[in-house]
Amino acid sequence: MFKKILIANRGEIALRIIRTCKELGIPTVAVYSEVDRDSLHVVFADEAVCIGPAPSNQSYLKIPNILSAALITGADAIHPGYGFLAENAEFSEICAESNIKFIGPSPDSIRKMGDKAFAKETMKKVGVPVVPGSDSVINDVDEAKKIAAEIGYPVMLKASAGGGGKGMRIVWEESEIEKAFQTAGNEAGAAFSNPALYLEKYIENPHHVEIQVLCDQHGNFFHYGERDCSIQRRHQKLIEESPSPFITEEVRQKMGEAALLGVRSVNYEGAGTVEFLVDKYQNFYFIEMNTRIQVEHPVTEMVRNLDLIKNQILVAAGLPIADKPREPRGHAIEFRINAEDPEKNFRPSPGKIEYLHFPGGFGVRIDSHVYTDYVIPPNYDSLIAKMIVWGTDRIHAIRRAKRALEEFKIEGIKTTIPFHQKVLENEKFIEGDFDTSFIDKNINN
Ligand code: MV4
(Lines give C-alpha, C1' and ligand atoms only; values in the text may rest on other atoms or scores of the structure.)
Protein backbone atom coordinates (compact mmCIF):
# COMPACT_ATOMS: atom_id res chain seq x y z
CA MET A 1 0.00 0.00 0.00
CA PHE A 2 1.07 3.61 -0.48
CA LYS A 3 3.20 5.17 2.25
CA LYS A 4 1.82 8.68 1.81
CA ILE A 5 -0.78 10.23 -0.48
CA LEU A 6 -0.70 13.82 -1.69
CA ILE A 7 -4.08 15.28 -2.55
CA ALA A 8 -3.70 17.64 -5.53
CA ASN A 9 -6.97 19.45 -4.92
CA ARG A 10 -8.87 21.69 -2.53
CA GLY A 11 -12.32 22.09 -1.02
CA GLU A 12 -14.75 19.34 -0.18
CA ILE A 13 -13.16 16.71 -2.42
CA ALA A 14 -9.72 17.15 -0.84
CA LEU A 15 -11.31 16.61 2.57
CA ARG A 16 -13.32 13.65 1.24
CA ILE A 17 -10.11 11.95 0.06
CA ILE A 18 -8.26 12.72 3.31
CA ARG A 19 -11.07 11.07 5.30
CA THR A 20 -10.74 7.81 3.38
CA CYS A 21 -6.94 7.88 3.63
CA LYS A 22 -7.24 8.22 7.43
CA GLU A 23 -9.57 5.25 7.53
CA LEU A 24 -7.03 3.26 5.52
CA GLY A 25 -4.20 4.38 7.82
CA ILE A 26 -2.39 6.24 5.04
CA PRO A 27 -0.71 9.57 5.93
CA THR A 28 -1.78 12.54 3.78
CA VAL A 29 -0.28 15.69 2.35
CA ALA A 30 -2.52 18.64 1.54
CA VAL A 31 -1.48 21.30 -0.93
CA TYR A 32 -3.00 24.75 -0.78
CA SER A 33 -2.88 28.15 -2.39
CA GLU A 34 -2.28 31.29 -0.35
CA VAL A 35 -6.04 31.95 0.01
CA ASP A 36 -6.77 28.36 1.15
CA ARG A 37 -4.52 28.39 4.22
CA ASP A 38 -7.57 28.18 6.55
CA SER A 39 -9.47 25.51 4.63
CA LEU A 40 -10.35 22.27 6.44
CA HIS A 41 -8.37 20.10 4.03
CA VAL A 42 -5.24 21.85 5.32
CA VAL A 43 -6.32 21.38 8.94
CA PHE A 44 -7.11 17.66 8.63
CA ALA A 45 -4.17 16.50 6.52
CA ASP A 46 -1.06 15.24 8.31
CA GLU A 47 1.13 17.69 6.41
CA ALA A 48 0.41 20.69 4.21
CA VAL A 49 2.46 22.51 1.59
CA CYS A 50 1.69 25.93 0.11
CA ILE A 51 1.96 25.67 -3.66
CA GLY A 52 1.47 29.26 -4.74
CA PRO A 53 -0.87 32.22 -5.04
CA ALA A 54 -4.63 32.08 -5.47
CA PRO A 55 -5.00 31.79 -9.28
CA SER A 56 -5.26 28.06 -10.13
CA ASN A 57 -2.75 28.32 -12.95
CA GLN A 58 -0.16 29.40 -10.37
CA SER A 59 -1.10 26.76 -7.77
CA TYR A 60 -3.50 23.82 -8.23
CA LEU A 61 -2.72 23.60 -11.96
CA LYS A 62 1.01 24.17 -11.66
CA ILE A 63 2.57 20.73 -12.16
CA PRO A 64 6.15 21.56 -11.01
CA ASN A 65 4.84 22.97 -7.71
CA ILE A 66 2.70 19.92 -7.00
CA LEU A 67 5.49 17.51 -7.89
CA SER A 68 7.92 19.42 -5.71
CA ALA A 69 5.46 19.16 -2.82
CA ALA A 70 5.25 15.39 -3.37
CA LEU A 71 9.02 15.01 -3.57
CA ILE A 72 9.85 17.04 -0.44
CA THR A 73 7.21 15.24 1.65
CA GLY A 74 8.00 11.78 0.29
CA ALA A 75 4.51 11.10 -1.07
CA ASP A 76 4.42 8.02 -3.30
CA ALA A 77 0.96 8.62 -4.77
CA ILE A 78 -1.15 11.60 -5.85
CA HIS A 79 -4.93 11.71 -5.83
CA PRO A 80 -6.09 14.44 -8.23
CA GLY A 81 -9.77 14.59 -7.15
CA TYR A 82 -11.97 16.15 -9.87
CA GLY A 83 -11.29 19.24 -12.01
CA PHE A 84 -7.79 20.79 -12.01
CA LEU A 85 -5.31 18.07 -13.14
CA ALA A 86 -7.66 15.07 -12.82
CA GLU A 87 -7.96 14.51 -16.57
CA ASN A 88 -4.57 15.83 -17.60
CA ALA A 89 -2.76 12.97 -19.37
CA GLU A 90 0.54 14.85 -19.33
CA PHE A 91 0.37 15.23 -15.54
CA SER A 92 -0.31 11.53 -15.04
CA GLU A 93 2.64 10.75 -17.34
CA ILE A 94 4.97 13.06 -15.43
CA CYS A 95 3.86 11.42 -12.16
CA ALA A 96 4.79 8.01 -13.59
CA GLU A 97 8.20 9.32 -14.70
CA SER A 98 8.76 10.65 -11.17
CA ASN A 99 7.89 7.28 -9.62
CA ILE A 100 4.70 8.66 -8.12
CA LYS A 101 1.49 6.71 -8.66
CA PHE A 102 -1.26 8.83 -10.19
CA ILE A 103 -4.51 7.57 -8.65
CA GLY A 104 -6.54 7.29 -11.81
CA PRO A 105 -6.49 5.58 -15.19
CA SER A 106 -3.45 5.37 -17.47
CA PRO A 107 -2.32 8.43 -19.48
CA ASP A 108 -3.40 6.51 -22.57
CA SER A 109 -6.97 6.04 -21.28
CA ILE A 110 -7.20 9.70 -20.24
CA ARG A 111 -5.97 10.83 -23.66
CA LYS A 112 -8.28 8.55 -25.62
CA MET A 113 -11.41 9.39 -23.64
CA GLY A 114 -10.52 13.10 -23.65
CA ASP A 115 -10.85 12.97 -27.44
CA LYS A 116 -14.65 12.81 -27.59
CA ALA A 117 -14.88 11.81 -31.24
CA PHE A 118 -12.34 9.03 -30.74
CA ALA A 119 -14.11 7.82 -27.59
CA LYS A 120 -17.39 7.70 -29.49
CA GLU A 121 -15.84 5.77 -32.37
CA THR A 122 -14.27 3.32 -29.93
CA MET A 123 -17.58 2.70 -28.18
CA LYS A 124 -19.47 2.31 -31.43
CA LYS A 125 -16.99 -0.31 -32.68
CA VAL A 126 -17.70 -2.59 -29.74
CA GLY A 127 -21.47 -2.22 -30.01
CA VAL A 128 -22.29 0.54 -27.52
CA PRO A 129 -25.19 2.63 -28.89
CA VAL A 130 -24.06 6.14 -29.90
CA VAL A 131 -26.00 9.14 -31.25
CA PRO A 132 -26.27 8.83 -35.06
CA GLY A 133 -23.80 11.17 -36.73
CA SER A 134 -20.30 11.55 -38.12
CA ASP A 135 -18.75 9.09 -35.60
CA SER A 136 -15.37 10.76 -36.07
CA VAL A 137 -14.15 14.30 -36.72
CA ILE A 138 -15.40 16.10 -39.83
CA ASN A 139 -12.89 17.76 -42.13
CA ASP A 140 -14.93 20.51 -43.76
CA VAL A 141 -18.38 22.04 -43.97
CA ASP A 142 -19.32 20.04 -47.09
CA GLU A 143 -18.81 16.81 -45.18
CA ALA A 144 -20.92 18.25 -42.34
CA LYS A 145 -23.70 19.14 -44.82
CA LYS A 146 -23.63 15.68 -46.36
CA ILE A 147 -23.90 13.84 -43.04
CA ALA A 148 -26.53 16.26 -41.72
CA ALA A 149 -28.64 15.71 -44.84
CA GLU A 150 -28.40 11.95 -44.31
CA ILE A 151 -29.41 11.92 -40.64
CA GLY A 152 -31.77 14.90 -40.87
CA TYR A 153 -31.92 18.21 -38.99
CA PRO A 154 -31.66 19.35 -36.26
CA VAL A 155 -28.04 18.33 -35.68
CA MET A 156 -25.40 19.29 -33.17
CA LEU A 157 -21.77 20.24 -33.79
CA LYS A 158 -19.50 19.33 -30.91
CA ALA A 159 -15.84 20.03 -30.17
CA SER A 160 -13.85 16.81 -30.10
CA ALA A 161 -11.57 18.18 -27.39
CA GLY A 162 -14.55 19.65 -25.53
CA GLY A 163 -17.09 18.01 -23.33
CA GLY A 164 -19.37 19.33 -20.65
CA GLY A 165 -21.12 21.67 -23.08
CA LYS A 166 -18.25 23.81 -24.37
CA GLY A 167 -17.91 24.36 -28.12
CA MET A 168 -21.38 22.99 -28.96
CA ARG A 169 -23.84 24.36 -31.55
CA ILE A 170 -27.35 23.26 -32.44
CA VAL A 171 -28.04 23.56 -36.18
CA TRP A 172 -31.73 23.60 -37.10
CA GLU A 173 -31.42 23.76 -40.91
CA GLU A 174 -28.81 23.61 -43.66
CA SER A 175 -28.71 27.39 -44.13
CA GLU A 176 -27.20 27.76 -40.65
CA ILE A 177 -24.55 25.08 -40.82
CA GLU A 178 -21.72 27.02 -42.48
CA LYS A 179 -21.72 29.77 -39.86
CA ALA A 180 -22.12 27.27 -37.00
CA PHE A 181 -19.20 25.22 -38.31
CA GLN A 182 -17.02 28.36 -38.35
CA THR A 183 -17.99 29.69 -34.92
CA ALA A 184 -17.93 26.32 -33.15
CA GLY A 185 -14.55 25.52 -34.71
CA ASN A 186 -13.13 28.90 -33.69
CA GLU A 187 -14.49 28.54 -30.17
CA ALA A 188 -13.02 25.04 -29.84
CA GLY A 189 -9.67 26.23 -31.23
CA ALA A 190 -9.54 29.09 -28.73
CA ALA A 191 -10.72 27.05 -25.74
CA PHE A 192 -8.93 23.73 -26.32
CA SER A 193 -6.25 24.59 -28.94
CA ASN A 194 -8.01 22.03 -31.13
CA PRO A 195 -10.72 23.12 -33.58
CA ALA A 196 -11.81 19.58 -34.53
CA LEU A 197 -15.58 19.04 -34.58
CA TYR A 198 -17.91 16.09 -34.96
CA LEU A 199 -21.57 16.06 -35.72
CA GLU A 200 -24.57 14.21 -34.40
CA LYS A 201 -28.34 14.17 -34.46
CA TYR A 202 -29.73 16.65 -31.94
CA ILE A 203 -31.71 14.85 -29.24
CA GLU A 204 -34.34 17.24 -27.89
CA ASN A 205 -34.69 17.56 -24.12
CA PRO A 206 -32.74 14.43 -23.26
CA HIS A 207 -32.33 12.87 -19.85
CA HIS A 208 -28.74 12.72 -18.63
CA VAL A 209 -28.00 9.36 -17.05
CA GLU A 210 -24.50 8.12 -16.21
CA ILE A 211 -23.06 4.79 -15.10
CA GLN A 212 -20.41 4.50 -12.39
CA VAL A 213 -17.71 2.00 -13.30
CA LEU A 214 -14.72 0.66 -11.42
CA CYS A 215 -12.10 -1.65 -12.93
CA ASP A 216 -8.94 -3.26 -11.61
CA GLN A 217 -6.02 -5.20 -13.08
CA HIS A 218 -7.38 -8.51 -11.73
CA GLY A 219 -10.05 -8.85 -14.40
CA ASN A 220 -12.82 -7.07 -12.50
CA PHE A 221 -14.91 -4.69 -14.59
CA PHE A 222 -17.83 -3.60 -12.44
CA HIS A 223 -20.60 -1.05 -12.65
CA TYR A 224 -22.53 0.37 -9.72
CA GLY A 225 -25.67 1.49 -11.46
CA GLU A 226 -26.74 4.90 -12.65
CA ARG A 227 -27.10 8.47 -11.51
CA ASP A 228 -29.71 10.73 -13.06
CA CYS A 229 -28.13 14.17 -13.50
CA SER A 230 -30.85 15.83 -15.55
CA ILE A 231 -31.35 18.75 -13.13
CA GLN A 232 -28.73 21.07 -14.61
CA ARG A 233 -28.41 24.75 -15.37
CA ARG A 234 -26.09 25.79 -18.19
CA HIS A 235 -24.25 22.46 -17.92
CA GLN A 236 -23.80 22.86 -14.16
CA LYS A 237 -25.39 19.96 -12.34
CA LEU A 238 -27.40 21.00 -9.29
CA ILE A 239 -29.20 17.81 -8.19
CA GLU A 240 -28.24 14.19 -8.86
CA GLU A 241 -30.00 11.04 -7.78
CA SER A 242 -30.00 7.28 -7.95
CA PRO A 243 -31.89 5.27 -9.06
CA SER A 244 -33.07 7.37 -12.01
CA PRO A 245 -36.83 7.93 -11.68
CA PHE A 246 -37.10 7.83 -15.48
CA ILE A 247 -35.46 4.71 -16.89
CA THR A 248 -37.00 1.26 -16.87
CA GLU A 249 -35.33 -1.76 -15.30
CA GLU A 250 -34.57 -3.08 -18.77
CA VAL A 251 -32.80 0.14 -19.83
CA ARG A 252 -30.92 0.23 -16.51
CA GLN A 253 -29.58 -3.28 -17.19
CA LYS A 254 -28.71 -2.60 -20.81
CA MET A 255 -27.00 0.70 -20.03
CA GLY A 256 -24.86 -0.93 -17.35
CA GLU A 257 -23.88 -3.71 -19.74
CA ALA A 258 -23.09 -1.18 -22.48
CA ALA A 259 -20.85 0.80 -20.11
CA LEU A 260 -18.93 -2.37 -19.21
CA LEU A 261 -18.59 -3.38 -22.84
CA GLY A 262 -16.95 0.00 -23.45
CA VAL A 263 -14.51 -0.03 -20.54
CA ARG A 264 -13.49 -3.65 -21.12
CA SER A 265 -12.63 -2.86 -24.72
CA VAL A 266 -10.07 -0.26 -23.64
CA ASN A 267 -8.86 -2.29 -20.65
CA TYR A 268 -9.80 0.61 -18.40
CA GLU A 269 -8.37 0.84 -14.90
CA GLY A 270 -9.82 2.77 -11.97
CA ALA A 271 -13.05 4.66 -11.41
CA GLY A 272 -14.88 6.25 -14.31
CA THR A 273 -18.25 7.48 -15.46
CA VAL A 274 -19.88 6.57 -18.74
CA GLU A 275 -22.37 9.28 -19.75
CA PHE A 276 -25.49 8.62 -21.77
CA LEU A 277 -28.31 10.71 -23.17
CA VAL A 278 -31.73 9.07 -22.93
CA ASP A 279 -34.51 10.29 -25.20
CA LYS A 280 -38.22 10.32 -24.40
CA TYR A 281 -38.64 6.83 -25.87
CA GLN A 282 -35.90 5.54 -23.52
CA ASN A 283 -33.41 5.06 -26.33
CA PHE A 284 -29.98 5.59 -24.79
CA TYR A 285 -26.81 6.82 -26.46
CA PHE A 286 -23.23 7.02 -25.20
CA ILE A 287 -21.91 10.60 -25.30
CA GLU A 288 -18.74 10.85 -23.21
CA MET A 289 -16.64 9.13 -20.61
CA ASN A 290 -15.16 10.91 -17.60
CA THR A 291 -11.92 9.35 -16.39
CA ARG A 292 -12.13 10.69 -12.83
CA ILE A 293 -14.11 10.48 -9.62
CA GLN A 294 -17.06 12.85 -9.94
CA VAL A 295 -18.66 15.43 -7.67
CA GLU A 296 -21.81 13.29 -7.44
CA HIS A 297 -20.08 10.00 -6.52
CA PRO A 298 -21.65 9.96 -2.99
CA VAL A 299 -25.07 9.27 -4.52
CA THR A 300 -23.72 5.92 -5.67
CA GLU A 301 -21.93 5.33 -2.37
CA MET A 302 -25.20 5.76 -0.47
CA VAL A 303 -27.33 3.35 -2.49
CA ARG A 304 -24.58 0.83 -3.23
CA ASN A 305 -22.97 0.89 0.21
CA LEU A 306 -19.32 1.31 -0.73
CA ASP A 307 -16.48 3.83 -0.52
CA LEU A 308 -15.50 4.62 -4.10
CA ILE A 309 -12.38 6.58 -3.09
CA LYS A 310 -11.14 3.63 -1.03
CA ASN A 311 -11.59 1.33 -4.01
CA GLN A 312 -9.82 3.83 -6.29
CA ILE A 313 -6.83 3.75 -3.94
CA LEU A 314 -6.83 -0.07 -3.75
CA VAL A 315 -6.93 -0.38 -7.53
CA ALA A 316 -4.14 2.19 -7.96
CA ALA A 317 -2.03 0.14 -5.52
CA GLY A 318 -2.53 -2.92 -7.75
CA LEU A 319 -5.00 -4.60 -5.39
CA PRO A 320 -8.39 -5.98 -6.40
CA ILE A 321 -11.61 -4.02 -5.88
CA ALA A 322 -12.87 -4.66 -2.33
CA ASP A 323 -16.58 -4.03 -2.88
CA LYS A 324 -18.27 -6.07 -5.56
CA PRO A 325 -21.52 -4.56 -6.84
CA ARG A 326 -24.66 -5.55 -4.92
CA GLU A 327 -28.31 -4.76 -5.27
CA PRO A 328 -29.08 -1.08 -4.71
CA ARG A 329 -30.82 -0.20 -1.49
CA GLY A 330 -33.21 2.76 -1.24
CA HIS A 331 -32.80 6.11 -2.93
CA ALA A 332 -30.20 8.89 -2.64
CA ILE A 333 -30.33 12.50 -3.80
CA GLU A 334 -27.47 15.00 -3.79
CA PHE A 335 -28.01 18.76 -3.57
CA ARG A 336 -25.11 20.98 -4.49
CA ILE A 337 -24.87 23.91 -2.11
CA ASN A 338 -23.09 26.63 -4.09
CA ALA A 339 -22.11 30.10 -2.92
CA GLU A 340 -24.31 31.63 -5.62
CA ASP A 341 -27.36 33.85 -5.66
CA PRO A 342 -30.23 32.01 -7.38
CA GLU A 343 -32.17 35.30 -7.54
CA LYS A 344 -29.37 36.95 -9.51
CA ASN A 345 -28.75 34.40 -12.23
CA PHE A 346 -26.67 32.19 -9.95
CA ARG A 347 -24.04 34.91 -9.71
CA PRO A 348 -21.14 33.83 -7.45
CA SER A 349 -21.48 35.00 -3.86
CA PRO A 350 -18.05 34.67 -2.23
CA GLY A 351 -17.22 36.18 1.15
CA LYS A 352 -17.33 35.42 4.85
CA ILE A 353 -19.70 32.82 6.29
CA GLU A 354 -20.98 34.66 9.34
CA TYR A 355 -22.87 31.68 10.73
CA LEU A 356 -23.12 28.05 9.68
CA HIS A 357 -25.18 25.14 10.90
CA PHE A 358 -25.23 21.81 9.06
CA PRO A 359 -28.25 19.50 9.17
CA GLY A 360 -27.82 16.03 10.60
CA GLY A 361 -29.78 13.01 11.66
CA PHE A 362 -30.45 9.66 10.05
CA GLY A 363 -29.83 9.47 6.31
CA VAL A 364 -28.16 12.87 5.93
CA ARG A 365 -24.56 13.23 4.74
CA ILE A 366 -22.70 16.53 4.39
CA ASP A 367 -19.40 16.75 2.49
CA SER A 368 -17.95 20.21 3.07
CA HIS A 369 -14.74 22.06 3.87
CA VAL A 370 -16.35 25.21 5.29
CA TYR A 371 -17.29 26.43 8.80
CA THR A 372 -18.46 29.56 10.63
CA ASP A 373 -16.10 32.52 9.90
CA TYR A 374 -14.64 30.74 6.82
CA VAL A 375 -14.03 33.15 3.95
CA ILE A 376 -14.97 31.76 0.52
CA PRO A 377 -12.34 32.99 -1.94
CA PRO A 378 -13.59 34.25 -5.32
CA ASN A 379 -10.97 32.30 -7.29
CA TYR A 380 -12.49 28.82 -7.57
CA ASP A 381 -15.79 27.12 -8.33
CA SER A 382 -18.58 27.97 -5.94
CA LEU A 383 -19.37 24.51 -4.50
CA ILE A 384 -19.18 24.86 -0.71
CA ALA A 385 -21.08 21.77 0.42
CA LYS A 386 -22.90 18.71 -0.84
CA MET A 387 -25.91 17.43 1.02
CA ILE A 388 -26.73 13.83 0.21
CA VAL A 389 -29.90 12.33 1.64
CA TRP A 390 -30.86 8.68 1.70
CA GLY A 391 -34.38 7.30 2.00
CA THR A 392 -36.01 3.90 1.71
CA ASP A 393 -37.56 5.18 -1.53
CA ARG A 394 -37.67 8.42 -3.53
CA ILE A 395 -40.57 9.98 -1.62
CA HIS A 396 -38.88 9.39 1.72
CA ALA A 397 -35.62 10.80 0.37
CA ILE A 398 -37.52 13.93 -0.77
CA ARG A 399 -39.18 14.33 2.64
CA ARG A 400 -35.84 13.94 4.36
CA ALA A 401 -34.26 16.50 2.01
CA LYS A 402 -36.96 19.06 2.88
CA ARG A 403 -36.46 18.44 6.59
CA ALA A 404 -32.67 18.69 6.29
CA LEU A 405 -32.71 21.89 4.19
CA GLU A 406 -34.87 23.53 6.87
CA GLU A 407 -32.11 22.78 9.39
CA PHE A 408 -29.40 24.11 7.06
CA LYS A 409 -28.37 27.65 8.07
CA ILE A 410 -25.80 29.73 6.25
CA GLU A 411 -25.50 33.48 6.91
CA GLY A 412 -23.31 36.08 5.27
CA ILE A 413 -23.49 34.73 1.72
CA LYS A 414 -26.18 33.66 -0.75
CA THR A 415 -26.53 29.96 -1.55
CA THR A 416 -28.52 27.57 -3.73
CA ILE A 417 -30.51 26.31 -0.70
CA PRO A 418 -33.67 28.34 -1.57
CA PHE A 419 -33.43 27.03 -5.14
CA HIS A 420 -33.40 23.44 -3.89
CA GLN A 421 -36.38 24.15 -1.62
CA LYS A 422 -38.30 25.45 -4.62
CA VAL A 423 -37.45 22.33 -6.64
CA LEU A 424 -38.61 20.12 -3.75
CA GLU A 425 -42.05 21.79 -3.90
CA ASN A 426 -42.36 21.29 -7.68
CA GLU A 427 -45.01 18.72 -8.68
CA LYS A 428 -43.06 17.55 -11.73
CA PHE A 429 -39.93 17.01 -9.67
CA ILE A 430 -41.86 15.18 -6.96
CA GLU A 431 -43.36 12.91 -9.60
CA GLY A 432 -39.93 12.30 -11.13
CA ASP A 433 -41.15 13.80 -14.38
CA PHE A 434 -38.20 15.88 -15.57
CA ASP A 435 -35.48 16.04 -18.21
CA THR A 436 -32.55 18.39 -18.88
CA SER A 437 -35.00 21.23 -19.73
CA PHE A 438 -36.53 21.16 -16.23
CA ILE A 439 -34.90 24.29 -14.79
CA ASP A 440 -35.55 26.45 -17.87
CA LYS A 441 -39.18 25.36 -17.95
CA ASN A 442 -40.04 25.26 -14.26
CA ILE A 443 -37.88 27.54 -12.18
CA ASN A 444 -38.36 31.23 -12.86
CA ASN A 445 -35.41 33.21 -11.71
C1 MV4 B 1 -26.35 16.58 -26.79
C2 MV4 B 1 -27.68 17.05 -26.63
C3 MV4 B 1 -28.60 16.74 -27.60
N4 MV4 B 1 -28.22 16.01 -28.66
N5 MV4 B 1 -26.06 15.84 -27.88
C6 MV4 B 1 -24.39 18.90 -23.17
C7 MV4 B 1 -23.15 18.62 -22.40
C8 MV4 B 1 -22.48 17.49 -23.10
N9 MV4 B 1 -21.95 16.58 -22.14
C10 MV4 B 1 -23.51 16.90 -23.97
N11 MV4 B 1 -24.63 17.79 -24.00
C12 MV4 B 1 -25.68 17.57 -24.81
N13 MV4 B 1 -25.41 16.81 -25.90
C14 MV4 B 1 -26.99 15.59 -28.77
N15 MV4 B 1 -26.66 14.87 -29.84
C16 MV4 B 1 -27.97 17.81 -25.49
C17 MV4 B 1 -26.98 18.07 -24.58
C18 MV4 B 1 -27.37 18.85 -23.44
C19 MV4 B 1 -27.33 18.34 -22.17
C20 MV4 B 1 -26.85 17.07 -21.92
C21 MV4 B 1 -26.81 16.57 -20.66
C22 MV4 B 1 -27.26 17.34 -19.61
C23 MV4 B 1 -27.74 18.61 -19.82
C24 MV4 B 1 -27.75 19.13 -21.09
C25 MV4 B 1 -28.26 20.39 -21.30
C26 MV4 B 1 -28.30 20.89 -22.56
C27 MV4 B 1 -27.84 20.14 -23.63
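Atom set for the values below is all heavy atoms of this structure, side chains included, hydrogens, waters and symmetry mates excluded. Just so you know, ligand 1 is whichever comes first in the structure, and atom 1 is the first atom listed for that ligand. Source: prediction; values computed, not measured.
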Below the 3.5 angstrom mark, is there an N/O of [X], backbone or side chain, next to an N/O of ligand 1?
X	answer
I203	yes
H235	no
K158	yes
K201	yes
E288	yes

Test side chain to side chain donor-acceptor pair (under 3.5 Å) on R10 and S33; report intermediate values, then the result.
CA-CA 9 Å; R10 63 179 301 283; S33 74; 5.7 Å; no
What do you reckon, does K237 put a non-hydrogen atom under 4.0 Å from ligand 1?
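The answer is no, since K237 has no heavy atom less than 4.0 Å from ligand 1.
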For V131, counting its heavy atoms only, list the atoms of ligand 1 lying under 4.0 Å from any of them.
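Every atom of ligand 1 under 4.0 Å from some heavy atom of V131: 15 (N).
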Could you list which atoms of ligand 1 come closer than 4.0 Å to a heavy atom of Q232?
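The atoms of ligand 1 under 4.0 Å from a heavy atom of Q232 are 22 (C), 23 (C).
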Any side-chain donor near an acceptor of the partner, [X] and [Y], under 3.5 Å:
X	Y	result
D115	S160	yes
R252	T248	no
H420	R336	no
S368	E12	no
D435	N205	no

Option with minimal heavy-atom separation from atom 16 (C) of ligand 1, where the choices are P206, S437, G133, S230
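Among P206, S437, G133, S230, the closest heavy atom to atom 16 (C) of ligand 1 comes from P206.
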